[in-house]
Amino acid sequence: MATGRSTPVTGQVWAWLTDPAHWSGSDGIARRIVEHVAYCLVAVGVAALIAVPLGLLIGHTGRGTVLIASTANALRALPTLGLVILLVLLVSPHLGGDLAFVGPAIAVLVLLAIPSILAGTYAGVRQVDPAARDAARGMGLSGWQVLWQVEVPGATALIMSSIRSAMLQVVATATIAAYVSLGGLGRFLIDGQAVRDYPQMLGGAVLVAVLALVVDLLLIAVQRFATPRGLRVARWRGSRRRRRALA
């Protein structure tokens with residue numbers, strides 16, 4: 001007998017997420033997750049290839065600090081969605097197929113990721129103990145040897161932390177790709193809004209949040225693995241001394 005009560009929204013979202021029919025097919029959840037992850041990996045990978053060498057160079061030489069501050073502030077102020085639409089309008093007449101939409105979307109995500117990685121890499125190099133840097137130079141190491149053997153290992157933790165931050169930003173922002181007829185988890189938000197399918201919209205938002213959490217946990221593990229053991233031990237001892245001082 002019908003009770004006349006409507007199913008709570010959380011129940012509708014759970015029903016949408018657990019419906020096997022929503023996980024299969026070319027527009028299913030599994031396919032959308034793969035698309036979303038692919039966009040993020042490509043964008044952050046390209047951003048890292050640009051920002052890490054540049055941050056290392058500026059951090060090592062100390063030249064161009066103003067460039068980092070001005071570039072980071074300018075890129076962070078860009079209106080992401082408006083820029084995607086503008087680039088699609090400019091590029092689509094010259095390119096065919098999905099590339100006319102994928103290219104602009106990836107380019108904007110790259111611009112979004114660069115400031116965090118650039119600033120984190122620069123800060124990682126500059127926070128290396130000057131005594132260690134001077135000792136390396138005193139042993140006769142060249143500038144590049146000091147960079148690769150002293151500054152890069154010391155900056156690894158901050159570089160990885162900046163990549164984590166950039167990845168989380170990109171995972172959240174990649175939903176805008178759906179506005180220009182691309183795939184990814186943003187499709188559930190756009191398609192659900194078009195037909196007022198609110199469980200689908202909320203389900204898509206939940207999937208983006210869960211994906212961000214999973215990616216962050218994976219990158220924490222990578223960061224821990226990539227950080228030299230000596231630095232991890234030094235930080236652990238430093239944290240223990242601070243806790244004792246506060247006790």
Side-chain angles (χ1 to χ4, degrees), residues 9-52 76 80-81 84 102 105-121 124 156-180 182-193 197-227 229 231-232 235-236:
V9 174
T10 52
Q12 296 178 37
V13 173
W14 178 253
W16 184 84
L17 288 171
T18 55
D19 187 345
H22 293 154
W23 284 83
S24 60
S26 59
D27 58 351
I29 294 173
R31 173 67 179 272
R32 297 305 185 198
I33 290 175
V34 171
E35 293 172 342
H36 204 92
V37 171
Y39 297 150
C40 297
L41 289 178
V42 171
V44 175
V46 173
L49 288 176
I50 297 171
V52 170
R76 283 170 177 156
T80 307
L81 178 58
V84 169
V102 173
I106 295 296
V108 172
L109 294 177
V110 169
L111 292 177
L112 178 71
I114 283 178
S116 296
I117 301 176
L118 182 60
T121 303
T156 299
L158 271 181
I159 294 173
M160 289 303 303
S161 179
S162 68
I163 292 176
R164 278 178 52 207
S165 175
M167 179 62 85
L168 292 180
Q169 284 183 288
V170 170
V171 167
T173 311
T175 52
I176 64 171
Y179 279 101
V180 289
L182 284 183
L185 293 174
R187 283 253 54 94
F188 298 124
L189 278 69
I190 303 302
D191 295 344
Q193 185 182 32
D197 185 350
Y198 299 116
Q200 182 180 169
M201 292 177 64
L202 290 173
V206 169
L207 288 171
V208 173
V210 172
L211 178 63
L213 179 62
V214 171
V215 168
D216 192 40
L217 291 175
L218 288 174
L219 289 179
I220 287 175
V222 173
Q223 179 179 351
R224 181 177 177 78
F225 178 77
T227 302
R229 186 173 182 277
L231 289 178
R232 294 202 305 268
R235 290 185 175 181
W236 178 74

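Heads up: numbering here begins at 1 and tracks the sequence. Small disclaimer: the values here were computed from a predicted structure and weren't measured.
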- prompt: Hey, does Ile29 have a side-chain heavy atom less than 4.5 Å from the side chain of Leu207?
  reply: yes

- request: Supply the atom-to-atom distance Asp191 CG to Gln200 CD, rounded to the nearest 0.5 angstrom.
  value: 6.0 Å

- request: Identify the heavy atoms of His36 and Leu211 that sit nearest to each other, and give their distance.
  value: CD2-CD2, 3.6 Å

- prompt: Would a 4.5 Å heavy-atom cut-off, applied to side chains only, mark Ile159 and Gln223 as touching?
  reply: no

Show me, pair by pair, the donor-acceptor contacts under 3.5 angstrom made by side chains of residues 165-172, not counting sequence neighbours?
from	atom 1	to	atom 2	distance (Å)
Gln169	OE1	Ser116	OG	3.0

Extract all donor-acceptor atom pairs below 3.5 Å that involve side chains of residues 213-222 and protein atoms in other chains or at least two apart in sequence.
from	atom 1	to	atom 2	distance (Å)
Asp216	OD1	Arg164	NE	3.0
Asp216	OD1	Arg164	NH2	3.2

message: For the CG atom of Leu185 and the CZ atom of Arg187, what is their distance to the nearest 0.5 Å?
response: 11.5 Å

- request: Please collect all salt bridge (charged side-chain N to carboxylate O under 4.0 Å, His left out) contacts where either partner lies in residues 25-44, sequence neighbours excluded, each pair once.
  value: Arg31-Glu35, Arg32-Glu35

field: Sequence-distant partners of Tyr39, ring-ring contact (aromatic ring centres under 6.0 Å, His included), two or more places apart
entry: none

Would you be so kind as to tabulate the donor-acceptor pairs closer than 3.5 Å made by side chains of residues 41-52, with sequence neighbours excluded?
none

message: Distance check, rounded to the nearest 0.5 Å: Gln193 atom CD versus Tyr198 atom OH?
response: 8.0 Å

query: Taking the six-membered ring for Trp, are Trp16 and Phe188 ring centroids under 6.0 Å apart?
result: yes

message: To the nearest 0.5 Å, what is the distance between OG on Ser24 and CG on Asp19?
response: 8.5 Å

Between side-chain atoms of residues 106-114 and protein atoms elsewhere (two or more places apart, or another chain), which donor-acceptor pairs fall under 3.5 Å?
none

- prompt: Hey, what do you get for CG (Leu202) to CG (Leu189), rounding to the nearest 0.5 Å?
  reply: 8.5 Å

